[in-house]
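As structure tokens, the structure follows; a few thoughts come after it.
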Amino acid sequence: MRVALFLTCVNDTLYPDTGRSVVKLLTRLGVEVDFPMAQTCCGQAHYNTGYRHEAEPLARHFSDVFGEYEAIVTPSGSCGAMVRELYPRMGERARAEGRGDTLAATLAPVVPKTYELTEFLVDVLGVTDVGAYYPHTVTYHPTCHGLRSLGLGDRPRRLLQAVKGLELVELPGADECCGFGGTFALKNADVSAAMGADKVRNAESTGAEVLCAADNSCLMHIGGTMHRLKTGMRPVHIAEILASTEEGPAA
Amino acid sequence: MSGTFVGMPVFPPPAHPAFPQAAHEAVNNPTLRGNLRHATHTIRAKRAKAVAEVSDWAELREAGKRIKDHTLLHLDRYLEQVEESVTAAGGIVHWAADADEANRIVAGLVKETGESEVVKVKSMATQEIGLNEALEAEGIRAYETDLAELIVQLGKDRPSHILVPAIHRNRGEIRDIFTREMSEWGRPAPEGLTDTPAELAEAARLHLREKFLRAKVGISGANFVVAETGTLVVVESEGNGRMCLTLPETLISVVGIEKIVPTWRDLEVFLQTLPRSSTAERMNPYTSTWTGTTDEDGPKTFHLVLLDNGRSDTLADEVGRQALRCIRCSACLNVCPVYERAGGHAYGSVYPGPIGAILSPQLRGTASEIDASLPYASSLCGACYEVCPVAIDIPEVLVHLRERVVQGGPVTREGNKVVLKPAKGHAAERAAMRAARWAFARPGALRTGQRLASRTRRFHPRTLPGPGGAWSDTRDLPPVPAEPFRDWWQRTQGQNGGNGDRGAAK
Ligand code: SF4
């Protein structure tokens with residue numbers, strides 16, 4: 001199966017380790033991974049801040065770049081939700097504005113083929129034990145768009161539970177938002193920071209070494225808060241845990 | 001008529017700071033944070049339990065959504081039906097286009113009775129139009145009879161929650177308010193009043209009883225109006241509403257035009273979803289229904305004031321109109337992480353929380369500072385949509401209204417199609433978004449930027465000066481990696497991915 005990795009602009013720029021981990025993991029599972037060099041950004045930040053019309057060319061570009069692949073895998077719940085939930089909505093809005101079906105038709109092919117990483121592993125590859133080894137105590141934070149827009153459910157948890165050496169501990173208030181919210185983190189910095197601090201306090205109370213999530217944007221906010229509050233915890237993307245093996249442990 | 005809308009809202013917006021500034025104090029007030037956290041988490045957990053008991057919740061939610069959508073689609077027809085059926089049952093129907101007109105009508109009706117005081121059932125619509133203040137200006141005193149509204153009124157305070165207006169107050173504060181203020185409004189608080197809930201409730205009961213027995217005019221809103229019979233429905237849990245609806249000689253009900261349901265059968269759905277969503281009760285304690293007037297029983301005169309006040313304009317918007325499905329259960333407030341930390345007052349409206357963030361900027365327009373900032377008062381986490389018993393996709397409407405704020409576009413104001421200009425103060429953001437779009441449409445440009453960041457990474461601080469402080473006042477920045485992923489990919493084509501290569505340049 002020929003699969004395209006849609007890494008997202010944030011991961012490409014700031015979290016290349018997550019990208020390398022996805023490649024390592026999928027390759028290990030027998031998937032042929034390609035990284036189309038023309039990829040950039042899905043347009044989520046534009047769309048969610050109110051710049052839908054600025055997001056449209058980015059969505060069209062996404063469709064151009066990824067349209068030919070059998071499946072598109074992304075290690076980001078919110079960017080996955082952007083394509084799956086909001087691209088169809090963008091098409092509908094364009095139609096409602098009297099701009100015809102062109103945008104909807106352009107975006108339609110990529111919508112059903114786009115998978116968030118844990119969905120792809122569990123639903124498409126049909127695996128929960130990916131042969132990983134990660135000897136640490138981990139607590140899992142389900143990020144909002146993965147949880148509510150994509151409905152990832154217990155997939156990430158099942159994947160983590162199958163990891164050798166990993167002890168999974170429950171995060172109190174797990175399904176409460178961490179307070180990132182894209183430009184919300186800047187526009188409403190006080191409330192965002194208060195939410196982040198509460199999330200970090202809950203995470204600390206578990207005694208885990210690692211807080212794991214399936215979205216680096218949220219982890220950037222949570223991790224930045226952890227670092228500032230001088231907790232001993234580390235934020236780690238789920239791909240890095242699943243890619244880690246006894247022979248090639250995560251850094 | 002069509003033209004460029006210069007920003008005059010339907011009714012004057014409050015002189016209220018933008019949401020982030022208004023929230024600043026609440027976020028940093030530990031007592032308030034504690035009160036809100038405790039209250040919202042308690043109701044939140046109870047609601048979840050009450051909803052989980054119902055096996056066909058998803059179907060009820062869908063049914064509620066469809067009933068409301070159907071009614072809103074044919075609102076013109078149902079409004080006429082309401083006027084006919086209420087009139088046939090002996091009621092008198094009045095139409096109010098906006099708050100001023102509604103207030104004028106109500107004040108006029110009270111004056112006709114020769115009375116100078118009224119008792120009130122808890123009602124969002126009358127708060128929305130500022131009825132108490134309007135009556136006060138005409139020399140008419142309005143007494144709130146809902147316990148929490150009484151606390152707010154006596155404390156010369158503003159409500160901070162739809163269902164629990166005094167959620168921001170604790171028992172000690174309530175005792176002090178009663179002791180200090182009750183005597184000014186009527187029967188004083190008993191000597192030596194303590195802050196036990198039973199004593200506080202008894203003090204309120206004695207204070208209010210006197211008013212119920214004396215009042216000749218009652219004022220209410222309504223949760224529903226059943227079009228087929230012209231029946232109004234009030235759902236409450238204290239019984240004070242029942243007193244106001246039955247004891248006075250004249251009853252005046254101010255009701256938003258979106259409160260209609262076509263038939264009694266439709267009520268079946270909402271009388272299941274509303275109590276469980278709001279107070280987590282399986283069945284609502286006091287459900288009062290009345291149809292016009294009845295000889296020898298209840299009020300002899302009944303007036304229904306149908307209130308528009310921005311609702312028709314909201315209805316004209318394809319995406320935004322779903323906000324009119326709201327049944328004011330307040331479940332969205334109780335799960336909202338932003339409401340929990342910012343408190344209700346920050347929303348600058350009688351409608352706080354997620355529903356307020358999508359309703360106020362539609363009813364009032366987006367011209368004021370507070371209304372233009374409300375669509376951003378959310379992390380788009382979607383918890384509100386998940387619990388809403390009429391499936392209002394609040395995040396969708398928030399994003400839609402953000403678009404209205406930053407891009408402008410067509411809206412309906414006072415029934416006229418107008419084109420909004422983009423709001424001021426977003427010019428820098430707009431330029432940044434455009435620049436980002438330009439770069440993202442050109443992978444080469446993105447790459448140049450990434451490489452520049454990587455090359456200069458040794459100079460990157462973990463905090464930022466100026467506006468960047470909004471991030472780095474509380475959060476450290478992640479370190480910039482030695483090379484972006486795409487450079488690694490180009491070097492290795494992913495071949496070393498399986499060998500755990502962490503990037504040679506690291
Ligand atoms: S928007 Fe939905 S959840 Fe919020 S108050 Fe209205 S009906 Fe309840």
Side-chain angles (χ1 to χ4, degrees), chain A residues 7 9 11-17 19-20 23-24 27-28 33 35 37-41 45-54 57-58 61 89 96 144-145 148-149 176-177 179-182 184-197 220-221 223-225 227-228 248 251, chain B residues 19-20 23-24 27-28 33 318 337-338 341-342 375-383 385-386 396 399 402-407 429-430 433-434 436-437 439-441 443 446 450 453 462 470-471 473-478 480-481 483-486 488-490 494 497-503:
Chain A
L7 187 54
C9 55
N11 287 326
D12 181 9
T13 309
L14 293 173
Y15 299 98
D17 284 352
R20 284 194 280 268
V23 174
K24 178 178 166 184
T27 309
R28 192 169 81 217
V33 187
F35 178 82
M37 289 293 283
Q39 67 178 280
T40 54
C41 164
H46 292 80
Y47 184 93
N48 280 340
T49 312
Y51 297 87
R52 174 167 54 91
H53 293 104
E54 299 286 341
L58 299 178
H61 180 73
R89 195 173 286 170
C144 298
H145 292 169
R148 300 193 183 89
S149 303
E176 285 168 36
C177 177
F180 174 62
F184 172 78
L186 301 171
K187 286 179 187 280
N188 280 283
D190 286 326
V191 179
S192 167
M195 288 162 71
M220 178 168 70
H221 165 74
T225 308
H227 199 261
R228 181 61 59 88
Chain B
F19 186 83
H24 180 78
V27 175
N28 295 300
R33 281 277 296 280
E318 225 176 296
V338 177
R341 288 164 184 90
Y376 293 93
S378 166
S379 64
L380 304 178
C381 81
Y385 176 35
E386 194 173 50
E396 179 186 17
V399 170
R402 290 176 183 188
E403 192 178 314
R404 184 177 293 174
V405 171
V406 298
Q407 296 195 349
E429 178 185 273
R430 198 172 302 122
M433 286 290 175
R434 255 181 220 152
R437 193 258 290 141
F440 283 141
L446 172 64
Q450 285 173 334
R462 296 206 78 179
W471 176 272
D473 281 351
T474 58
R475 294 156 286 213
D476 286 330
L477 289 164
V480 175
E483 62 177 350
F485 176 87
R486 62 181 61 231
W488 173 81
W489 176 268
Q490 208 175 30
N499 298 332
D501 176 1
R502 316 300 295 177

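Lettering follows sequence order; numbering is per chain, from 1.
Looking at A:Glu54, both its backbone and its side chain come within 4.5 Å of chain B, counting heavy atoms on both sides. For A:Leu14, the parts sitting under 4.5 Å from any heavy atom of chain B are the backbone and the side chain alike. Only the side chain of B:Arg33 comes within contact range of chain A, with heavy atoms under 4.5 Å apart. Using a 4.5 Å cut-off between heavy atoms, B:Ala23 contacts chain A through its side chain alone, with no backbone atom that close. The part of B:Arg341 that comes within reach of chain A is its side chain, from C-beta onward, which places non-hydrogen atoms under 4.5 angstrom from that chain. For chain A, the nearby part of B:Val27 is the side chain; its heavy atoms alone come within less than 4.5 Å.
Heavy atoms only, all atoms of each residue included: B:Phe485 and A:Gly19 are closest at CE1-C, 3.3 Å. The two residues A:Met37 and B:Arg486 make their nearest non-hydrogen contact at O-NH1, 2.8 Å. Taking each heavy atom of A:Met195 and B:Val338 in turn, the nearest pair found is SD-CG2, 4.2 Å. Minimum interatomic distance between B:Asp473 and A:Arg228 (heavy atoms only, all atoms of both residues): O-NH1, 2.9 Å.
Per-residue counts of heavy-atom pairs under 4.5 Å with chain B were compared for A:Arg52, A:His61, A:His145; the largest is that of A:Arg52. Chosen from B:Ser379, B:Ala342, B:Ala383, the residue pairing most often with chain A at heavy-atom distances under 4.5 Å is B:Ser379. Options B:Glu386, B:His24, B:Arg402, B:Glu403 differ in how many heavy-atom pairs under 4.5 Å they form with chain A, and the most are formed by B:Glu403. When A:Gly196, A:Ala197, A:Gly181, A:Ala185 are compared by the number of non-hydrogen pairs under 4.5 Å with chain B, A:Ala185 comes out ahead. Among the candidates A:Gly224, A:Cys9, A:Ala194, the residue making the largest number of heavy-atom pairs closer than 4.5 Å to chain B is A:Gly224. Interface check for chain A: of the options B:Pro375, B:Ser378, B:Ala377, the most heavy-atom pairs under 4.5 Å are formed by B:Ser378.
A:Thr49 places a side-chain N or O within donor-acceptor distance of the main-chain N or O of A:Ala45, the cut-off being under 3.5 Å. Side chain of A:Gln39 to backbone of A:Leu7: a donor-acceptor contact under 3.5 angstrom is found. In this structure, A:Thr225 contributes its side chain and B:Arg475 its backbone to no donor-acceptor pair below 3.5 Å.
The CD atom of B:Glu396 sits 8.0 Å away from atom OH of B:Tyr385, with the distance rounded to the nearest 0.5 Å.
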